2 protein chains.
Amino acid sequence: MGILYNQVADQLQALIRDGVYREGERLPGVRVLSRQFGVSISTILQAHQTLEGRGYLEARERSGYFVRLPAKDAPEPIMQRYRAKPVPVSARDMALELCVDEQKRMVPLAAAVPHPDFLPVRQIQQSILWAGRRGLEYQDYAFPGKESYRRQLAQRMATLGVPVTADDILATNGAQEAIILALRAVTVPGDIVVVESPSFPGILHALEVVGLRVIEVPTHPSDGLSLEGLQVALEQWPVKACVVVANHSNPLGACMPDERKRQLVDMLEDARVPLIEDDIYGDLFHSGERPRPAKAFDRTGNVIYCSSFSKTISPGLRLGWMVPGRYMAEARQHKYFVNLATSSIPQLAVAHFLEQGGYDRYLRSARQNYRQATERMRATVARWFPEGTAVSRPQGGFVIWAQLPGKNTGTDVYRRAREENINVAPGLIFSTASKYNNCLRINSANPWSDRIEGAVRRLGELAEQSLNG
Amino acid sequence: MGILYNQVADQLQALIRDGVYREGERLPGVRVLSRQFGVSISTILQAHQTLEGRGYLEARERSGYFVRLPAKDAPEPIMQRYRAKPVPVSARDMALELCVDEQKRMVPLAAAVPHPDFLPVRQIQQSILWAGRRGLEYQDYAFPGKESYRRQLAQRMATLGVPVTADDILATNGAQEAIILALRAVTVPGDIVVVESPSFPGILHALEVVGLRVIEVPTHPSDGLSLEGLQVALEQWPVKACVVVANHSNPLGACMPDERKRQLVDMLEDARVPLIEDDIYGDLFHSGERPRPAKAFDRTGNVIYCSSFSKTISPGLRLGWMVPGRYMAEARQHKYFVNLATSSIPQLAVAHFLEQGGYDRYLRSARQNYRQATERMRATVARWFPEGTAVSRPQGGFVIWAQLPGKNTGTDVYRRAREENINVAPGLIFSTASKYNNCLRINSANPWSDRIEGAVRRLGELAEQSLNG
């Protein structure tokens with residue numbers, strides 16, 4: 001990270017790890033540290049907050065910051081074994097219990113939906129008012145999308161290494177619809193599709209909508225989809241598509257290295273199997289450079305790129321887009337058949353927001369916020385969850401994946417927690433098999449509060465209870 | 001019609017029909033008629049315009065109004081014969097050529113999309129700005145729909161004889177999505193569904209999206225779906241759903257009488273076949289009272305009501321709704337799976353518009369405008385199309401259905417017209433069979449102009465050419 005307080009935090013963390021500052025000790029005062037590091041007092045205060053988020057410091061009122069070691073610095077989850085047989089996808093009742101509507105009364109740790117504090121509420125409001133004043137521009141069906149919106153997207157795609165024009169882009173109702181249109185464009189019901197395991201439940205829902213069968217290929221917590229597993233699947237079955245979240249997969253947060261993305265794209269092109277890429281978390285990397293999408297390595301139009309602004313601007317807009325490559329004609333027709341066009345107002349508003357340059361400015365701070373929230377959540381889970389819990393280290397996005405000891409601990413904790421109005425996503429919805437009954441996914445895009453901290457601690461207690469009886 | 005100038009127009013028209021005023025004669029001056037009918041001069045002027053719209057008068061500059069008989073007062077189209085075998089639905093390439101995007105360069109007589117002159121552009125802009133200022137209210141996924149929007153809809157549904165609460169309503173991306181969700185809720189791929197013939201192409205697209213087979217039952221130009229035909233279909237095949245536009249069917253404009261709606265609902269309930277009703281034109285009746293939806297006769301929750309604001313407020317909002325009755329759980333789940341929720345801003349804006357009472361005020365004038373536009377289009381088609389052409393008399397909505405002599409005249413005229421940048425909907429897309437190749441559907445929701453009149457006249461000439469060559 002180039003940002004100063006992160007550098008200070010990293011150095012302080014190293015000092016703690018090396019035992020220079022021991023658990024329970026009070027950290028030197030801010031003035032002392034300010035001199036020591038040669039930075040301003042406010043930078044030291046920001047570094048403190050960062051380390052608090054990571055679980056290495058504890059603020060005590062009127063006493064300053066005290067060192068603590070993150071209770072157990074949990075290991076990363078292990079990769080699941082390859083499962084060879086395609087199965088039909090069928091919905092689980094639980095999916096609806098996780099949706100936002102149900103969450104309103106509960107502590108919202110389930111759905112991967114950011115709290116408005118993480119969103120550019122004021123800026124998008126300005127852009128909606130700007131668009132709202134253009135009454136004649138939003139009367140028509142915006143098929144295949146408002147020109148201004150698609151032109152802005154084309155400019156952004158170019159910066160990601162995907163040189164396209166507005167004509168190559170289709171506006172959609174979020175990434176979910178884009179994935180469904182992509183699947184419809186390249187499959188017929190009954191076809192076999194490869195997905196990651198654990199898989200974002202929305203992708204499994206999309207497969208069910210289209211009537212497809214699934215092969216789940218294991219995903220590595222840091223490197224993403226197992227290319228070896230994919231190779232086996234391609235050799236054994238007539239696979240018709242592969243759906244991948246290459247950047248900051250949900251739920252693991254894994255980011256596929258560029259070289260593996262290139263291999264993935266080439267492997268699928270050789271097999272003549274279309275790749276459907278969901279890049280919804282691509283803009284929310286925690287450090288370094290914006291990871292490139294797999295689409296950037298596509299030379300033949302075989303990659304169908306899908307994304308949306310639901311995690312970065314506002315979920316309520318329901319605004320996404322796709323770059324269908326050589327499957328444009330089919331995707332266009334399906335879009336027209338399912339709902340003719342995407343609502344015009346959100347497109348005009350987002351086009352205006354992007355054009356003003358406000359989006360990139362907002363993203364810089366949003367990434368810091370998501371990173372801090374995720375690190376704090378990781379530290380809190382590591383601290384309160386039972387011995388033997390593994391916790392993901394997401395490189396982007398804002399969800400945490402916890403693998404608990406025991407066989408059904410995740411599902412069990414989910415059920416018990418709902419009775420206490422805490423909503424969390426049970427691992428079992430991330431697979432068609434019962435592979436992740438010991439897991440939980442936790443949304444960390446909430447402002448930190450005693451209520452949130454208490455809820456995570458309570459999840460840990462419920463897990464202990466589940467393990468002990 | 002309760003409106004004075006319409007009464008005057010009706011009486012003048014009767015005088016013309018009875019030969020009191022003969023073709024080519026100049027009508028008495030406005031002052032004379034004003035005394036004769038005991039109404040104001042402006043009422044006489046409005047009556048003149050109305051009769052001009054119907055094709056019985058022709059304005060000549062500085063000379064007044066001259067009587068003409070609508071060239072040939074074309075008969076109504078005849079009902080097609082029943083076709084017994086269910087067939088899979090497959091898309092026709094032509095569908096996309098009709099969509100708005102393609103129309104922009106052409107005379108827009110194809111898509112059933114109102115010109116903004118027919119829409120409450122200023123009012124909805126006000127409501128969008130009102131909604132836009134409520135930044136925090138549109139951040140979340142609005143699943144199953146914004147409360148304020150669903151509450152306003154519940155109030156409107158009650159006035160139609162459908163007493164429901166906000167909880168019974170699901171917000172959708174237009175009526176098209178509602179129909180697809182309804183079909184998904186009650187069928188599985190391969191099932192057989194009854195539709196009207198001729199059928200709105202969007203319904204055929206919906207059937208294709210879900211992978212269904214279709215039985216087309218003839219629709220009477222005034223009375224709607226043939227209940228006798230439906231009975232035969234129900235007896236011969238395992239029908240799983242029936243999709244009907246009971247009020248002002250597209251393309252015929254037929255409105256099913258209440259008693260037949262009741263029979264339709266009872267017949268399907270007895271057969272345990274769900275009725276999917278598309279009421280998108282219900283608010284656009286041309287005279288008398290708002291026709292009740294079939295849903296008003298539903299005692300068991302077997303009718304799935306679908307509608308939208310695309311024809312009445314703005315197509316670009318992409319905002320509709322459904323009342324799924326006893327199929328709510330399935331419809332909800334499918335909505336969540338296909339795109340999670342409908343965009344929030346349009347819902348807040350329409351809720352505000354409805355709450356302010358502006359919608360009903362606007363509808364009163366919109367109905368007059370649509371009626372006049374449709375009558376004028378009907379008269380113009382009757383005047384310029386070849387001898388032997390039958391033309392629908394829509395009781396609501398804004399499309400005209402013309403049945404031409406010859407076998408492929410409709411398709412032929414469509415093709416020739418496109419080369420001259422006139423876009424019109426060919427009959428063949430209103431059926432899976434090649435039943436309506438002699439037909440055209442014409443959108444009349446455009447401000448009248450020489451360009452429109454010239455285009456209709458040209459369609460007539462192309463039809464003559466087609467018949468003679």
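Every chain is numbered from 1, with letters handed out A, B, ... down the list of sequences. Bear in mind that the values here come from a model prediction, so they are computed numbers and not experimental data.
- Using a 3.5 Å distance cut-off with no hydrogens or angles, the side chains of B:R105 and B:N423 do not pair a donor with an acceptor.
- If you measure heavy-atom distances from B:A142 to chain A, you find no contacts under 4.5 Å at all.
- Neither the backbone nor the side chain of B:L319 comes within less than 4.5 Å of any heavy atom of chain A.
- Only the side chain of B:R184 comes within contact range of chain A, with at least one heavy atom under 4.5 Å from a heavy atom of that chain.
- Here the two rings, on B:Y359 and B:F309, have centers that are under 6.0 Å apart.
- Partner of A:V338 under the side chain to side chain contact (heavy atoms under 4.5 Å, CB included) criterion, out of B:N339, B:I180, B:V338: B:I180 alone.
- Side-chain contact, B:N173 with A:E177: no donor N or O sits under 3.5 Å from an acceptor N or O.
- Comparing B:P116, B:A349, B:P189, B:A341 by heavy-atom pairs within less than 4.5 Å of chain A, the highest count is held by B:A341.
- Interface residue B:P346: only side-chain heavy atoms are found under 4.5 Å from chain A.
- Looking at B:T342 and A:R318, their side chains never bring a donor and an acceptor atom within 3.5 Å of each other.
- In this structure, chain A has heavy atoms under 4.5 Å from both the backbone and the side chain of B:L129.
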